[in-house]
Number of protein chains: 2
Amino acid sequence: MVATQPDPEDLTARARIRDAALQHFGEHGFERATIRGIADTAGVSPGLVRHHFGSKQGLREACDDYLVKMVRRFNDQVRTDTQYSDLTYVAASRAALKPYQRYLARALVEGAAASLFDEMVKMSEEWLTDIDAKRSEPPFVSRKVRATLGTAMALGVPLLYQHVSRGMGVDIFSPEGDRLLSRAMLDIYSHPLISPEEAAMLIDALDKAPDRATPAEREATPGRPEEHHDD
Amino acid sequence: MVATQPDPEDLTARARIRDAALQHFGEHGFERATIRGIADTAGVSPGLVRHHFGSKQGLREACDDYLVKMVRRFNDQVRTDTQYSDLTYVAASRAALKPYQRYLARALVEGAAASLFDEMVKMSEEWLTDIDAKRSEPPFVSRKVRATLGTAMALGVPLLYQHVSRGMGVDIFSPEGDRLLSRAMLDIYSHPLISPEEAAMLIDALDKAPDRATPAEREATPGRPEEHHDD
DNA sequence: CAATTGACTATACGCGCGTATAGTTTCATA
DNA sequence: TATGAAACTATACGCGCGTATAGTCAATTG
């Protein structure tokens, strides 16, 4: 009961523009989305967009800020509610973020929304703390590394939701899809792909032979492999 | 002899354009990338791009086809080599696809490159077949569903490589980063987050109360939650 | 040696975009 | 009612883009 949004009904024009931008950016991407289209969806003139947000980039930043605030609030809320396990958190955040999912996906892949990702990692770390307490062997790597990887992997599902839905034969955002997804996640998270012994063995091999070039590594080398500067 | 291409070596202008496009599309996104910029990187005139690929969209499709062909060849190669486990495959494909990773990420998130994703799922399914043989309890869901989810989760890491690198404190494409990543993956894949008993219990709860609305589900409902038409 | 064909360039057109600016309405306050 | 600011609209400009077209050059072929 954190009474957040005053009323979805009489939203101010500024908020309507922001929501329309979230939608358009998510559906068409930042470049392809047009101020005119966003203004049209929001029911205002294109000029008003500029009046409120200064520029297209400003509008984007406002969208990012809004989402970060929303995720942060969601996390705080869940954090105080101890009934959630890691699994149900994943499911809950999947549901909560659903409307913004496409926007989120694009932003994250483009390297933006960093604080949002980090927020999720911190969340994962907290749960890992509990899980690690019940664990016998010491982990191979630090908790933060595992939390980071776990977060990225969990995000892979909504990020690729079109492909996942196609592969599962059901829209993962529909009730049935969500149910199937939850079952599958429970199965995956409760059944290791390899045994700890095998893993330890492979780690040993890894430490002894750090130079493990695959046959493909030699073959797949195109024009400019080493350049990735950010936008 | 129809030898239009004097050499299969990737030195023809057409190949250079394709490589430049892979790079530009990956770095700037499809919309933002310009034919002029691609032509410049390839060292040709913008007109030649059109001459060879017809249009910008045609160029994109050529890039997709090329990548699919490359992944397929990689898979075939690995498939015949039985020394690979699921884990090392993930690592190997991570290395092989590295130069195309940014392009891949954008394409996949935009819903394109579907056959590529499906190819990977098929690969995962084959390995799951072996793993399932050693498993006592029956899986909660079909193998394909688990393979699909596993693929999406594995892809989440390179998709979010900037965030993952930041969280791990090391570039995951550097040798050290790759090593740390492999260790972490081995740990995650060998240590379940929850016990099978807990999972079974949660599934039970899931089946009995299919309507599990979270507090956030009620709160986070923006303008148009139910619309997601594809491009 | 023409003659044809394909690789490649130079140049320009038209359109849609972000942006700028001037003008109009709404509304709180005195 | 007067007034000033803020919300909002109408209109236009300029630029960069994809695309189209005409032309040049090099290699192949009879």
Side-chain angles (χ1 to χ4, degrees), chain A residues 6-7 9-66 103 106-107 110 112 223 231, chain B residues 1-66 103 106-107 110 112 223 231:
Chain A
D7 217 336
E9 220 54 60
D10 54 350
L11 284 171
T12 146
R14 194 189 143 92
R16 283 208 321 275
I17 293 172
R18 192 229 310 117
D19 283 346
L22 248 358
Q23 176 190 340
H24 274 65
F25 287 158
E27 277 178 16
H28 314 294
F30 177 72
E31 306 295 338
R32 192 173 203 163
T34 69
I35 289 186
R36 286 168 171 85
I38 292 168
D40 193 56
T41 297
V44 300
S45 73
L48 191 62
V49 177
R50 177 174 153 81
H51 173 71
H52 279 304
F53 298 95
S55 69
K56 195 182 183 184
Q57 185 58 35
L59 178 55
R60 191 214 178 112
E61 280 157 18
C63 288
D64 281 350
D65 291 347
Y66 177 75
Y103 179 87
R106 290 190 194 266
E110 284 173 14
D231 299 349
Chain B
M1 198 184 264
V2 207
T4 50
Q5 238 95 332
D7 216 340
E9 207 62 33
D10 279 5
L11 278 169
T12 92
R14 196 188 143 91
R16 284 206 321 274
I17 293 172
R18 193 231 308 118
D19 283 346
L22 247 359
Q23 176 190 341
H24 273 67
F25 287 158
E27 278 177 16
H28 314 293
F30 178 72
E31 305 295 337
R32 190 173 216 169
T34 69
I35 288 186
R36 287 168 170 84
I38 292 168
D40 193 56
T41 296
V44 299
S45 73
L48 190 62
V49 177
R50 176 175 155 79
H51 174 70
H52 279 304
F53 299 95
S55 69
K56 195 183 183 183
Q57 184 58 36
L59 178 56
R60 191 214 178 111
E61 280 157 19
C63 287
D64 282 350
D65 291 347
Y66 177 75
Y103 178 87
R106 290 190 194 268
E110 283 172 15
D231 299 349

**Item:** Residue pair A/Phe30, A/Gln57: steps toward the side-chain contact (heavy atoms from CB on, under 4.5 Å) verdict
**Value:** CA-CA 9 Å; A/Phe30 177 72; A/Gln57 185 58 35; 3.7 Å; yes

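- Shown here are the salt bridge (Lys or Arg N to Asp or Glu O under 4.0 Å) partners of B/Arg60, two or more places apart in sequence or in another chain: B/Glu110.
- A donor-acceptor pair under 3.5 Å links the side-chain atoms of A/His24 to the main chain of A/Ala20, judged by distance alone.
- In this structure a side-chain-to-backbone donor-acceptor pair under 3.5 Å is present from B/Arg14 to B/His52.
- A distance-only check finds a donor-acceptor pair linking the side chain of A/Arg106 to the backbone of A/Glu27 [under 3.5 Å].
- Contact annotation for A/Arg14: no contact, since no heavy-atom pair falls under 4.0 Å across all strands.
- Residue B/Ala39 is out of contact with every strand shown, counting any heavy-atom pair closer than 4.0 Å.
- Across B/Ile38 and B/Ala21, no two heavy atoms sit closer than the pair CG2-N, 3.8 Å.
- Closest approach of A/His28 and A/Ala33 over heavy atoms only: CB-N, 4.1 Å.
- Residue contacts for B/Ala42: at a heavy-atom cut-off of 4.0 Å it reaches no nucleic acid atom on any strand shown.
- Interface limits on DNA chain D: the 5'-most and 3'-most nucleotides within less than 4.0 Å of chain B heavy atoms are D/dC17 to D/dT21.
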**Request:** Start with the C-alpha distance between B/Glu61 and B/Phe53, add both sets of side-chain angles, then the distance that settles side-chain contact (heavy atoms from CB on, under 4.5 Å), and finish with yes or no.
**Result:** CA-CA 9 Å; B/Glu61 280 157 19; B/Phe53 299 95; over 6 Å; no

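- A heavy atom lying under 4.0 Å from DNA chain D marks the following residues of residues 47-62 of chain B, by number: B/Arg50, B/Ser55, B/Lys56.
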